Amino acid sequence: MSKILTVFGATGNQGDSVIKAILADSVLSKEFKIRGITHDPSKSSSQKLAAAGVDADISTVEGALPAVSGAHTVFLVTNFWESMKKEVELSQGKAVTEAYKQAGVKHLIFSSLRNVTEISNGRLPNVTHFDGKAEIEDYIRASGISSTFVLPGLFMSNFFDFFNKQGDTYTLAWPVNLEKARAPLFDAAQDTGKFVKAALANWPSTAGQRILAATDYYTPKRIVDEFQKVTGYKAQAVQIPPETFKSFLPEPVAQDMLENIQLLEDPEYFAGEPLEPSLKLLDQKPTLWEEFVIQNKEKF
C-alpha cells in the first residue's frame, strides 16, 4: 500500500515542483500517493493536479490536521508574502507541526531559510521573510519530530524583475560589491522537487539536516556576464547606494529587500556554507543560470 505524501502549497512553484518530481520518479511514484493541499481549488493549476491523479484537497494551515492525517511524510512551505506578517507565518508553521505530532506523521520536510538577524549579528534585522521561516525551523526542531530542512536559494525567476531594461541595455543595479557578493541561484519551479526527493530518498539519514537548494554561487558580475553571453543582449551590473535601491521598491518591502540583497555580500545567503554536500545527494543536476536564461529568454 502506498504511503501518503502531503504537499502544502501544491499549486505554487515549490509544491508543484515536488509533485511533478515524485510523479516522474519510477521508484518514489510507487512508494508515495500524493495529497496536494492548496488554498484555491479554482486555480487552473489545481485542476491540472486533479487530472494528474493528485487529490487537490483544500485546507488552511490552521486546519492542518485533516491534511496530514494518515500521511507518512509532509512537505511544508509557508508563504510570508500572502499576509506580509511574520506572526501569521509562524502560527501556520506551528499549527502544522502540532497537527503532524497528533497525526503520527513520520517525516516533515520544511522549506526553511536562515535567521538573518542571527547570522549577521544583528546588522541586518529586517529580512522578515527569512527570519520567520528560521523561527518555524527552530520550533520544529524543539518539537523533537523527525524533520529535514530544504533551504531554497535565490530564485532565478526574480531576475525578471531585478533586471531593468532601458533602451537596448539590461542593468542589474544592486547595493553590493559586484565581485564579492555571492547569490546561490535556484530554479524553484524545476528544481525544488530534486532536492526534496533527496530528502525523501535519504531519510532517515537526512533527519535534522539542512539541504541547501541551489545550483552554484554567482557573483552579480557573473550573473550579468552569462546573461549577456547566452542572450546576445547588452547587459551591465552596477553598484548603487542603498537608498537608491530602496527608492525603486514599495515602502512596505523596501528595507526587507535591501537587507536581503546586502546579505549576499556579508555574511552571505547561507552564511557561507558550501553547496557541495547538498548537491551530492541529488540524482539529477539542478538547472544552471545559463540554462534558465536560454529557456526563459523571452520573459526578460
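Bear in mind the structure is a predicted one, so any value in this text is a computation, not a measurement. Hydrogens, waters and symmetry mates are skipped; everything else that's a heavy atom, side chains included, is used.
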Within one Ile-Leu-Val-Met-Phe-Trp-Tyr cluster: [X] and [Y], side-chain cutoff 4.5 Å:
X: Phe155; Y: Ile223; answer: yes
X: Tyr139; Y: Leu65; answer: no
X: Leu23; Y: Ile109; answer: yes
X: Trp289; Y: Leu282; answer: yes
X: Leu172; Y: Leu178; answer: no

Would you call Lys197 and Asp283 a salt bridge, taking side-chain N to carboxylate O under 4.0 Å as the test?
yes
Phe270 and Ile119: side chain to side chain contact (heavy atoms under 4.5 Å, CB included), yes or no, with the steps?
CA-CA 9 Å; Phe270 291 134; Ile119 64 175; over 6 Å; no
Before giving the answer on side chain to side chain contact (heavy atoms under 4.5 Å, CB included), spell out for Phe248 and Asn164 the whole-Å C-alpha distance, their side-chain angles and the decisive distance to 0.1 Å.
CA-CA 11 Å; Phe248 299 138; Asn164 176 41; over 6 Å; no
Gln166 atom CD, over 12 foreign heavy atoms within 6.0 Å
no
Where is the tightest heavy-atom contact between [X] and [Y], given as atom of each residue plus distance?
X: Phe227; Y: Ala235; result: CD2-CB, 3.8 Å
X: Ser83; Y: Val88; result: OG-CB, 3.4 Å
X: Leu275; Y: Thr215; result: CD1-C, 4.3 Å
X: Pro274; Y: Pro277; result: O-CD, 3.8 Å
X: Ala173; Y: Phe245; result: O-CD1, 3.6 Å
X: Lys33; Y: Ser2; result: N-CB, 3.9 Å

Using modelled atom types only, decide if a donor and an acceptor are shared between the side chain of [X] and the backbone of [Y] within a distance under 3.5 Å.
X: Thr206; Y: Gln209; value: no
X: Ser278; Y: Leu212; value: yes
X: Lys101; Y: Thr97; value: no
X: Ser111; Y: Thr78; value: no
X: Arg141; Y: Gly208; value: yes
X: Ser146; Y: Ala207; value: no
X: Asn126; Y: Asp256; value: no
X: Ser17; Y: Gln14; value: no
X: Thr6; Y: Val68; value: no
X: Arg35; Y: Gly70; value: no

Does the side chain to side chain donor-acceptor pair (under 3.5 Å) test come out yes or no for Glu259 and Gln255, once each step is laid out?
CA-CA 6 Å; Glu259 294 184 18; Gln255 189 63 32; 2.7 Å; yes
Side chain to side chain donor-acceptor pair (under 3.5 Å) pairs, two or more places apart, involving residues 183-196:
Asp187-Gln190, Gln190-Gln295, Asp191-Lys194, Asp191-Thr287
With sequence neighbours excluded, tell me which residues meet salt bridge (Lys or Arg N to Asp or Glu O under 4.0 Å) with Glu268.
Arg182
Hey, are the side chains of [X] and [Y] touching, using non-hydrogen atoms and a 4.5 Å cut-off?
X: Val77; Y: Val18; value: no
X: Gln239; Y: Pro220; value: no
X: Phe8; Y: Val74; value: yes
X: Phe195; Y: Pro152; value: no
X: Met84; Y: Val253; value: yes
X: Asp216; Y: Arg222; value: yes
X: Leu200; Y: Glu31; value: no

Exactly one of Phe130, Tyr217, Tyr218 should register a ring-ring contact (aromatic ring centres under 6.0 Å, His included) with Tyr269. Which one does?
Phe130
If the condition is ring-ring contact (aromatic ring centres under 6.0 Å, His included), which residues does Phe160 pass it with, not counting sequence neighbours?
Phe292, Phe300
With sequence neighbours left out, what residues match Phe162 under ring-ring contact (aromatic ring centres under 6.0 Å, His included)?
Phe159, Trp174
When rounded to the nearest 0.5 angstrom, what is the spacing between [atom1] in [X] and [atom2] in [Y]?
X: Leu124; Y: Leu263; atom1: CG; atom2: CG; answer: 6.5 Å
X: Ile22; Y: Leu28; atom1: CD1; atom2: CG; answer: 4.5 Å
X: Glu89; Y: Asn79; atom1: CD; atom2: CG; answer: 7.5 Å
X: Glu226; Y: Lys221; atom1: CD; atom2: NZ; answer: 10.5 Å
X: Thr11; Y: Asp16; atom1: OG1; atom2: CG; answer: 8.0 Å
X: Leu90; Y: Asp131; atom1: CG; atom2: CG; answer: 10.0 Å

Give the C-alpha distance, both sets of side-chain angles, the deciding distance and a yes or no for side chain to side chain donor-acceptor pair (under 3.5 Å) between Gln236 and Thr171.
CA-CA 5 Å; Gln236 61 180 350; Thr171 299; 3.0 Å; yes
Salt bridge (Lys or Arg N to Asp or Glu O under 4.0 Å): which pairs involve residues 285-300, sequence neighbours left out?
Lys229-Glu290
What verdict does the side chain to side chain contact (heavy atoms under 4.5 Å, CB included) test give for Arg210 and Glu137, after you've listed the backbone C-alpha separation in whole Å, the side-chain angles of each residue and the deciding distance to 0.1 Å?
CA-CA 10 Å; Arg210 289 187 180 120; Glu137 177 181 327; 3.0 Å; yes
Listing request: all ring pair (Phe, Tyr, Trp, His ring centres under 6.0 Å) pairs with a residue in residues 91-110, at least two apart in sequence or in separate chains.
His107-Trp203
How are the rings of Phe80 and His129 set relative to one another: parallel (under 30°), tilted (30 to 60°) or perpendicular (over 60°)?
tilted
